[in-house]
Amino acid sequence: MMEENPAVQMDADSSKEVEGGTLGKQVVVMMVGAPGSGKSTFCNDVVSGGPHRLWHRVCQDSIANGKAGTKLQCLRSALDALKDGKSVFIDRCNLDREQRVEFVKLGSPQVDVHAVVLDLPARVCISRSVKRTDHEGNLQGGKAAAVVNRMLQKKEFPKLNEGFSRITFCQNDNDVQSAVDTYRALGPSESLPSGYFGQKGTDTKVQVGIMKFLKKVEAPEGSASDGVKCQNSTSKEGSKEKDTQCMETETIQINNKKAAEGGKRGDSVGGGISSNSLHTLAFPSISTADFQFNHEKASDIIVESIDEALNKFKNIRLVMVDLSSGSRILSLVKDKAVKKKLDPLRFFTFAGNITLINTEGNLGCTVIANATNWRLKPGGGGVNAAIFNAGGEALKLATKEQAGTISPGKSLVVSLPSTSPLFKREGITHVIHVLGPNMNPERPNYLKNDYVKGCKILCEAYSSLFESFASVVHAQRFQKESCNSSEPGSSYSHKDHTQRNYFDKLFRVDPKNKREDCLESLDSVRNKKYKALPLECGLNDGRDMRHNDFAGCGNHGDESVILEHNENMTSCSDITNSAPQGMIQKKNKKISDSSKKNWSSWAQALHQTAMNPEKHKDDILHISDDVVVLNDLYPKAKKHILILSRLNGLDELRDVRKEHLPLMRKMHSIGLEWAKKFIIDDNSMVFRLGYHSVPSMRQLHLHVISQEFDSIHLKNKKHWNSFNTAFFRDSVDVIKEIDEHGMAMVNDNENLLSTELRCHRCRSAHPNIPKLKFHIGVCKVPFSDTLLQNGRLVSGHLNET
């Protein structure tokens, strides 16, 4: 089993008394840089620079009694120092997000997490690494060049949405010295402003790879040599350019009508995208009004989230709206967007009424976002009340039909009926409800000023909002193309017809009025778990598929592979082991597209237990950060337990992707441990571990079930066949498929649950459950070879793998 991150053990109230008063916020400063960039020198210069603040340096190269240690040792050392009231430097390379994630968790309301990025020229890093002779980790001499090169190829700059409150970028020695002086002067009761400092613009030239530098390869256009010259010699021009951009952005904010008209003329927008191809989302600031979220932190997250969305979805335009032109959050976002150099034609701010976005702003917007409450009800004042009032009874009913509640960090797409005043007056076709974190003690889901958790939820809220918008855009575009293809003279294949029928069903378009509906609104998928679609349709990898229920939508005309059930087959591993990844993707995609479900209230019980296990302690056998173990409420055998994932959003097997592989292995390992405990008590027991392809209860859960099936709750064919046909996926096969293909095969064939009753040992048929149970009690036939392989069964007499 995985060791628990010691960071979670930290007492939230870590302030201590020091000479002269109370210690203020502590700081964890994570150094980010290649070998030779000067991380250790930076730390030592600050630590030895004066008595202003107590510092502790954690260096992985020397943490094990002067020798190289592990990340876990570094985490424990940092935690101990924080408990002693010290601030901490994490002296590691930390060049990618995965290396940083555990250290970010050291943050708390009493501990800020900063990053200092030493992004020095490649030649400097390699020269220092090669020449040094006393490096703690012995990375020196000729071998250092290749190591530095390899590490820099994979570098990933930190971002605020990882959990940092402040990120400082240093590109030269002057920047480094300035940062050293800043931290030297930081007193015990002082704190530093949050945000990005010294960050390079998005158009800054990229450094040449180190190997090219060593081999004297001529730098390509836009390489480091030119970039450094440009950066050092054009400060006045850069200032002028910045002022110009500010003026351009301000012009757009003052006169949005011109921007919209410019889009109609087909003016070129950043990246070679014609502005007349852009789809516009108008959205308010989330959580900064009634929920009282800190404006500085919120504005950082907003700009970061917008930047990511514009890079990911190439044909969208985002407009942030506030009723007041003097809005502080609007001003902060506007200023930070300029510094971030966001494309002013793809993002700008608008001071006005979001419910009059087209009649007053002339933006051609068809989708707006609503900062809602958890009940998805009108009221509370502000933008939520305004949008519900403008949408009228039609919006209330459409929202209620979609869902009754919403969780923080999530969004919900609601198609606006054509009877809505907002549709008739403004042409709005969709409203996306989104709920952010609450810092107001008088409102539900109060976070008690836990900004680590709050920032995470706010990031998730904006990400969910923008991805939902992208899904709506794609669906509208596809529907329009399908409608156009039915025009006289257009080529129209059977495949096109199948695709159009699919989306007609998805969006409930009346075939008698198809052309009119294409020009009006599309009803969104009735599904709380509405996922986002990259606008460039297709799969990049398994992780993209997770957020892509419509992925590969251009292939719906093809027949997806469906496994025909074989009465003698209790596992589909023989097929999936040889199945190409495309087959599994197509199969799962068909299931994902056609089997969307609204989880009813009773089906939410496991999800609520996993999210709030402390409220169900009497029913729980084991709790950890990742899983919850409990007895099945209606066991289908003498021993039947469930291993629940605690990861929010991981509802069922079809949601699992390769990044969840460690969790799946942990769940399997815990399941094995419990099976072995039961076997110690009764050596005759045999267990099987697996998942239902399409569960009736929300929240991914692993069944650990004994194979005698002696239970009063085993009553019908569905109960039996859900555990003894290909509908039940063995955990070992699921893990293997995810490891090899990035996802697991899911069998949703409803006929599997209604097939005739057959003994899971001898495969004999039986007319009803009582006779089947009697037979099972006396059947001595060994289990099938399929079940006996690869550790699918666990007992005291079988080999376990």
Worked verdict on Asn353 versus Leu323 for side-chain contact (heavy atoms from CB on, under 4.5 Å)
CA-CA 5 Å; Asn353 190 336; Leu323 193 60; 4.1 Å; yes

Decide side-chain contact (heavy atoms from CB on, under 4.5 Å) for Leu376 and Gln402; before the verdict, give the C-alpha distance in whole Å, the side-chain angles of both, and the deciding distance to 0.1 Å.
CA-CA 10 Å; Leu376 293 167; Gln402 284 282 76; over 6 Å; no

Under the salt bridge (Lys or Arg N to Asp or Glu O under 4.0 Å) criterion, do Glu162 and Lys159 qualify, and how do the steps go?
CA-CA 6 Å; Glu162 293 180 36; Lys159 297 181 179 180; over 6 Å; no

Quick check: do [X] and [Y] have side-chain heavy atoms less than 4.5 Å from each other?
| X | Y | result |
| --- | --- | --- |
| Ile354 | Ile387 | yes |
| Asn172 | Leu120 | no |
| His430 | Phe469 | no |
| Val104 | Met30 | yes |
| Ile316 | Leu278 | no |
| Val413 | Val367 | no |
| Asp300 | Phe164 | no |
| Leu345 | Arg317 | no |

Worked verdict on Ile286 versus Tyr462 for side-chain contact (heavy atoms from CB on, under 4.5 Å)
CA-CA 8 Å; Ile286 301 170; Tyr462 279 107; 3.6 Å; yes

Donor-acceptor contact below 3.5 Å, side chain [X] vs main chain [Y]:
| X | Y | result |
| --- | --- | --- |
| Asn358 | Gly364 | yes |
| Glu156 | Arg97 | yes |
| Tyr196 | Leu160 | yes |
| Glu460 | Lys410 | no |
| Arg425 | Thr359 | no |
| Lys314 | Asn311 | yes |
| Ser420 | Leu395 | no |
| Arg328 | His295 | no |
| Ser305 | Ile301 | yes |
| Ser37 | Ala34 | yes |

To the nearest 0.5 angstrom, please state how far the [atom1] atom of [X] sits from the [atom2] atom of [Y].
| X | Y | atom1 | atom2 | result |
| --- | --- | --- | --- | --- |
| Thr288 | Glu296 | OG1 | CD | 12.5 Å |
| Leu118 | Met31 | CG | CE | 4.0 Å |
| Leu318 | Ile302 | CG | CD1 | 11.5 Å |
| Phe350 | Lys334 | CZ | NZ | 13.5 Å |
| Phe466 | Phe283 | CZ | CZ | 4.0 Å |
| Met320 | Leu281 | CE | CG | 12.0 Å |

What is the minimum heavy-atom distance between [X] and [Y], and which atoms define it?
| X | Y | value |
| --- | --- | --- |
| Val32 | Asn94 | CG1-O, 3.4 Å |
| Ala369 | Pro284 | O-CD, 3.2 Å |
| Pro437 | Gly454 | CG-O, 3.4 Å |
| Cys459 | Asn161 | SG-CB, 3.2 Å |
| Val116 | Cys170 | CG1-SG, 4.4 Å |
| Gly436 | Ala461 | CA-CB, 4.4 Å |

Would Arg443 pass as a cation-pi partner of Phe291, given that its NZ or CZ must be under 6.0 Å from the six-membered ring centre and within 45 degrees of the axis?
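Output no; distance or angle outside limits.
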
Has Lys297 got its NZ or CZ under 6.0 Å from the middle of the six-membered ring of Tyr451, at an angle within 45 degrees of the ring axis?
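Checked: cation-pi criterion met.
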
Can the ring centroids of Phe157 and Phe169 be said to lie less than 6.0 angstrom from one another?
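Judged by ring-centre distance (under 6.0 Å), Phe157 and Phe169 do meet the cut-off.
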
Ring centroid separation His433 to Phe388 under 6.0 Å
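Yes, the ring centres sit under 6.0 Å apart.
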
With Leu435 as reference, evaluate Ser411, Ser287, Ser464, Pro408 under the side-chain contact (heavy atoms from CB on, under 4.5 Å) test and give the passing residue.
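For Leu435, the side-chain contact (heavy atoms from CB on, under 4.5 Å) check succeeds only for Pro408.
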
Counting only heavy atoms not in Lys336, do more than 12 fall under 6.0 Å of its NZ?
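Atom NZ in Lys336 is packed in, count exceeds 12.
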
Derivation and outcome, side-chain contact (heavy atoms from CB on, under 4.5 Å), residues His279 and Asn315:
CA-CA 6 Å; His279 302 263; Asn315 60 344; 4.0 Å; yes

